[in-house]
Each structure stands twice: as C-alpha cells, then as structure tokens.
Amino acid sequence: QVQLVESGGGSVQAGGSLRLSCAFSGRNFTLYTMGWFRQAPGQEREFVAAMTGPVQILYYEESLGGRFTISRDNAKNTVFLQMDSLKPEDTAVYYCAARTGVVIYVKREEYDIWGQGTQVTVSS
C-alpha cells in the first residue's frame, strides 16, 4: 500500500525559500504521477504542480509565476517542491498526492493517494 509523507514546511519571511519533500513508500514509484496541492484556511484545495514518472513531464499552476519548481528523484522515491520568492498568500497546508498514470493530472479528484500535509507560513 502506497503512503506519502511530506516534510520541509515551516515559517519564513516574504521573499524567502522553502523546499518541501514527499517520501513515497511502495512499489513502482515511476508509474505514478506526483502532484502538489495547497489549501489555505477557508479555501478549496488547489493545484500547484505535477510531474509524471517515466518521462518527467512538468506542469504548474500559471498564477505561481514560475516561483515554484517540482522535481523527483526516482532512485529515492521522493518528489520535491522548491518554493522561492515566497509571498504571504502562499501560506497554506501543502499536500503531496499520487496516482498511477503517465500524463499530468490537475484536479484534486484525479488523485487517490494523499499525504497528511505540511504547513507553510509566510510572514510579511
């Protein structure tokens, strides 16, 4: 059974950076598309970025303005989210998600495996 565990969240000032990690426990990591979502208080969970396994196609939420970078280490069964130039509006719980497939998925309901989330707080 696949499990996801996020780490790397914390508090940072505006303009700073954080790197989130998501450890995938299970088999055949490369067969999964991995995604990052976030949920701010009182808001819906929204798509941030996704990356396929074998070919490593990337896709980002456009409103992020190129500040975030998703990557994965297939040898270590880990996916990362590098977040730079952070803004107070990036404050949210960040979730890692996974599903089998070889294309990009951007909808929350398309993912069937979720981590517990990690809090990111950006102060002005």
Side-chain angles (χ1 to χ4, degrees):
Q1 185 174 353
V2 172
Q3 291 187 321
L4 304 175
V5 178
E6 301 98 333
S7 61
S11 297
V12 64
Q13 289 192 326
S17 298
L18 283 174
R19 189 192 195 204
L20 306 183
S21 298
C22 173
F24 173 104
S25 63
R27 300 178 63 183
N28 301 319
F29 177 60
T30 57
L31 298 182
Y32 287 77
T33 290
M34 302 298 295
W36 286 98
F37 288 73
R38 67 184 182 183
Q39 188 167 16
Q43 298 189 18
E44 295 290 319
R45 193 171 299 187
E46 64 178 5
F47 172 80
V48 173
M51 186 171 187
T52 59
V55 183
Q56 299 195 2
I57 300 168
L58 314 176
Y59 187 77
Y60 298 94
E61 165 56 41
E62 289 188 12
S63 65
L64 296 174
R67 297 181 295 116
F68 292 8
T69 304
I70 188 172
S71 61
R72 62 192 291 167
D73 184 337
N74 286 338
K76 296 183 177 180
N77 285 8
T78 303
V79 63
F80 305 97
L81 185 68
Q82 176 68 39
M83 305 185 295
D84 298 316
S85 302
L86 283 162
K87 304 175 181 180
E89 51 264 43
D90 294 318
T91 295
V93 177
Y94 283 72
Y95 295 90
C96 177
R99 66 153 291 162
T100 54
V102 295
V103 297
I104 292 292
Y105 304 96
V106 301
K107 296 180 181 179
R108 176 182 179 177
E109 57 267 27
E110 292 176 314
Y111 290 84
D112 52 6
I113 305 168
W114 292 85
Q116 83 287 352
T118 186
Q119 177 70 46
V120 171
T121 303
V122 184
S123 58
S124 57

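Computed from a prediction, not measured in an experiment: that's the story for all the values here.
- Note that Arg45 lies in the cation-pi zone of Tyr95, set by a 6.0 Å cut-off to the ring centre and a 45° limit from the axis.
- When all heavy atoms of Arg38 and Ala92 are compared, the closest pair comes out as CB-CB, 3.9 Å.
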side-chain contact (heavy atoms from CB on, under 4.5 Å), that's the test. Do Glu61 and Val48 meet it? Break it down for me.
CA-CA 5 Å; Glu61 165 56 41; Val48 173; 5.5 Å; no
Working note: Met83 + Leu20, criterion side-chain contact (heavy atoms from CB on, under 4.5 Å); need CA distance, chi angles, decisive distance, verdict.
CA-CA 8 Å; Met83 305 185 295; Leu20 306 183; 3.8 Å; yes
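- Of all heavy-atom pairs spanning Ser124 and Ala14, the tightest one is CA-CB, 4.3 Å.
- By the criterion of side-chain heavy atoms lying less than 4.5 angstrom apart, applied directly or through intervening Ile, Leu, Val, Met, Phe, Trp or Tyr residues, Leu81 is not grouped with Val93; the two fall into different hydrophobic clusters.
- One hydrophobic cluster, built from ILVMFWY side chains closer than 4.5 Å, cannot hold both Leu58 and Phe47; they sit in different ones.
- Side chain of Thr52 to backbone of Ile57: a donor-acceptor contact under 3.5 angstrom is found.
- Ser21 places no side-chain N or O within 3.5 Å of a backbone atom of Ser7 that could act as its donor or acceptor partner.
- Considering every non-hydrogen atom in both Ile104 and Tyr59, the closest pair reads CG2-CB, 3.7 Å.
- Looking at Arg99 and Tyr111, their side chains never bring a donor and an acceptor atom within 3.5 Å of each other.
- Glu44 contributes atom CD, which lies 7.0 Å from atom CZ of Arg108 (distance to the nearest 0.5 angstrom).
- Linking Ile, Leu, Val, Met, Phe, Trp and Tyr residues whenever their side-chain heavy atoms come within less than 4.5 Å places Tyr105 and Val55 in a single cluster.
- In this structure, Asn28 contributes its side chain and Leu31 its backbone to no donor-acceptor pair below 3.5 Å.
- Between Asn77 atom CG and Arg27 atom CZ the span is 12.0 Å, to the nearest 0.5 Å.
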Apply side-chain contact (heavy atoms from CB on, under 4.5 Å) to the pair Leu4 and Ile113, showing each step before the final yes or no.
CA-CA 8 Å; Leu4 304 175; Ile113 305 168; 3.9 Å; yes
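- The minimum heavy-atom distance between Ile70 and Val79, with the atom names listed, is CG1-CG2, 3.9 Å.
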After noting the C-alpha distance and the side-chain angles of Cys96 and Trp114, does the key distance pass the side-chain contact (heavy atoms from CB on, under 4.5 Å) rule?
CA-CA 6 Å; Cys96 177; Trp114 292 85; over 6 Å; no
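- When the side chains of ILVMFWY residues are joined at heavy-atom separations under 4.5 Å, either directly or via intervening members, Val106 and Tyr94 end up in two distinct hydrophobic clusters.
- In terms of modelled atom types and a separation under 3.5 Å, the side chain of Gln116 and the main chain of Val5 share no donor-acceptor contact.
- Glu6 contributes a side-chain N or O that, together with a main-chain N or O of Gly117, makes up a donor-acceptor pair within less than 3.5 Å.
- Between Thr33 and Ala50, the shortest heavy-atom distance links the atoms CG2-CB, 4.5 Å.
- Taking hydrophobic clusters as Ile, Leu, Val, Met, Phe, Trp and Tyr residues chained together by side-chain heavy-atom distances below 4.5 Å, Val122 does not share a cluster with Phe37.
- For the side chain to side chain contact (heavy atoms under 4.5 Å, CB included) criterion with Arg72, the lone passing option out of Phe24, Phe80, Phe29 is Phe29.
- Taking both residues in full, the closest heavy atoms of Leu86 and Val12 are given as CD1-CG1, 3.6 Å, listed atom of the first, atom of the second, then distance.
- Around CD of Glu89, the count of heavy atoms belonging to other residues, nucleotides or ligands within 6.0 Å exceeds 12.
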